[in-house]
Number of protein chains: 2
Amino acid sequence: MRDTNEGAIEGVGLSAYKDQMDKCLGEVSLTEEELQAISAAIEIRAYKAGTILLEAGEIATECYLNLKGCVRQYYFIDGEEKTTFFYTEDQPIASFASATKKMPSTHYLSCVEDTVLSVMSFEKEEKLYKKYPRFESLCRIGVEEQLGDYQEILAKYITSSPEERYLNLLETRPDLLNRVPQYQLASYLGVKPESLSRIRKRIMLKPGVNVKLAQVSMT
Amino acid sequence: MRDTNEGAIEGVGLSAYKDQMDKCLGEVSLTEEELQAISAAIEIRAYKAGTILLEAGEIATECYLNLKGCVRQYYFIDGEEKTTFFYTEDQPIASFASATKKMPSTHYLSCVEDTVLSVMSFEKEEKLYKKYPRFESLCRIGVEEQLGDYQEILAKYITSSPEERYLNLLETRPDLLNRVPQYQLASYLGVKPESLSRIRKRIMLKPGVNVKLAQVSMT
DNA sequence: ATAAGTGATTGACTTAAGTTAAGAAGAGTT
DNA sequence: AACTCTTCTTAACTTAAGTCAATCACTTAT
């Protein structure tokens, strides 16, 4: 379950990286040479649905940018998989707790769908930082933005009920509902599958509450 | 409610920063000049309990390192304060979602106790980055570690029940129980104060479950 | 010393989530 | 088409959290 379907995809990764970089403020722009060097360090890989990218116990050595598909982060607790994140198109994937401290990862990463990722090893990334400080600036900004996102996601999670979390998902990531099995979504929302089923029913029955959106989820 | 009790504390901030830096791997070490420049950009401020550091609606312009005391992050939702984080000694405090996007903050930061912070403006920080790339390396590593921490915290929160979260708090941050009012802790654990009260009772009554720790919380 | 205010606990009751078990719906196979 | 496997739903029941209201404990103010 760890094969790499190298496809006829090339250059895609770099342009996605450039888009990503452009988002990190116009301040930092890279030269041809820098882009070349980064491009050389990036590998584009295609994975089949079900492929495991990282296992609990391993040390994370690579970071990814999701070009196409869906990657699920989960823990294995008391004999159960507990899903804690879904990474879809344009989202960076990096298990920093493991990578920065060289500690074994506590979670798994696996592909929910056939997935295409842009891959860079942390090792190569470090080398690039030394050679091209502007690349490090860019990544520093990117990581700061990610940290901001995570702070907000955590706060949103703490301050809302399972039902509110589901409604929030409907608004912010409606695509997930048609890409991911519902029992994994339930776990992600912090409830059992049976409860999510009831939440969905409850919402459908409610008077005005966004029937349109609720329909989407029933497709 | 926004006064600054400048104290006779000086130099404390820098040494704390140095400790913080030392933790960011021995790889990057700074010269005298760099330390001087950083020191010049840092301000040590003492705040009285209750002081608000950042209000919802404001754009965050400063980041902090907690030298002494406790800062609470909270949202104001449906007429209620919802606590989402407590920052204590040696923890960095930065509202990146607001700072990096120059967007109004959605949360408040306020001092639960009399608090001493090392303060740097994001503006000065950016200038230092340009002059001293090694300082940026150091901060990049620091932010990556923080991101790793947040990823783990979020996952832990998603995968545990209120009772488990409370037990986890007992193990990882027992100090908070004696520093912070219980209704704020309840909010932080995602439950109402009455529920936390019942959780505590339940734990006390349970056979073997860490009676010693439970006692601490009863002090 | 008393009164007022805040925070924590308790009780009675409601609502929502967990549990267990049984079916229904769908996709894929042979 | 019949079968299998997985996912989702439903039902009945248990447990925990929300709600509302009263009380208790403690601190602070007058």
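Keep in mind that what you see is a predicted model, and the values were worked out from it rather than measured.
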Novice: To the nearest angstrom, how far is L185(A) atom CG from dT9(D) atom P?
Specialist: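 So the two atoms are 11 Å apart, to the nearest Å.
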Novice: Choose from dG18(C), dG18(D), dA8(C) the nucleotide whose nearest atom is closest to any side-chain atom of P181(B).
Specialist: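 Of the options given, the side chain of P181(B) lies nearest dA8(C).
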Novice: Rounding to a whole Å, what distance do you find between R200(B):CZ and dT10(C):C1'?
Specialist: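 Nearest whole value for this atom pair: 14 Å.
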Novice: Starting at atom CD of E80(B), determine the distance to atom C1' of dG7(C), rounded to an integer number of angstrom.
Specialist: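 To the nearest whole Å, that distance equals 15 Å.
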Novice: Rounded to whole angstroms, how far apart are CD on E163(B) and P on dG18(C)?
Specialist: 14 Å
Novice: Shortest non-hydrogen contact from T159(B) to E164(B)?
Specialist: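 Result for this residue pair: O-OE1, 4.1 Å.
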Novice: When you get a sec, tell me which of dT19(D), dA17(C), dT7(D) is the closest nucleotide to the side chain of R198(B)?
Specialist: dT19(D)
Novice: Quick one: label P162(B) by what it contacts on the DNA or RNA (base, sugar-phosphate, nothing), any heavy atom closer than 4.0 Å.
Specialist: sugar-phosphate
Novice: So if I apply the ring-ring contact (aromatic ring centres under 6.0 Å, His included) rule between F85(A) and each of Y150(A), Y157(A), Y74(A), which one comes out positive?
Specialist: Y150(A)
Novice: Ignoring the backbone of E194(A), work out which of dG18(C), dT20(C), dG18(D) is nearest its side chain.
Specialist: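 Closest nucleotide to the E194(A) side chain: dT20(C).
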Novice: Grab the CG-P distance between L189(A) and dA16(C) for me, whole Å please.
Specialist: 17 Å
Novice: Rounded to the nearest angstrom, tell me the gap between atom NZ in K201(A) and atom P in dT9(D).
Specialist: 10 Å
Novice: With a 3.5 Å cut-off and just heavy-atom distances, do the side chain of R202(A) and the base of dT9(D) make a donor-acceptor pair?
Specialist: no
Novice: dA17(D) phosphate, OP1 or OP2: any side-chain N/O from S195(B) under 4.0 angstrom?
Specialist: no
Novice: Could you check how far OH of Y166(A) sits from C1' of dA16(C), rounded to whole Å?
Specialist: 17 Å
Novice: Over how many whole Å does the gap from Q182(A) atom CD to dT10(D) atom P extend?
Specialist: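 One finds 11 Å between P of dT10(D) and CD of Q182(A), rounded.
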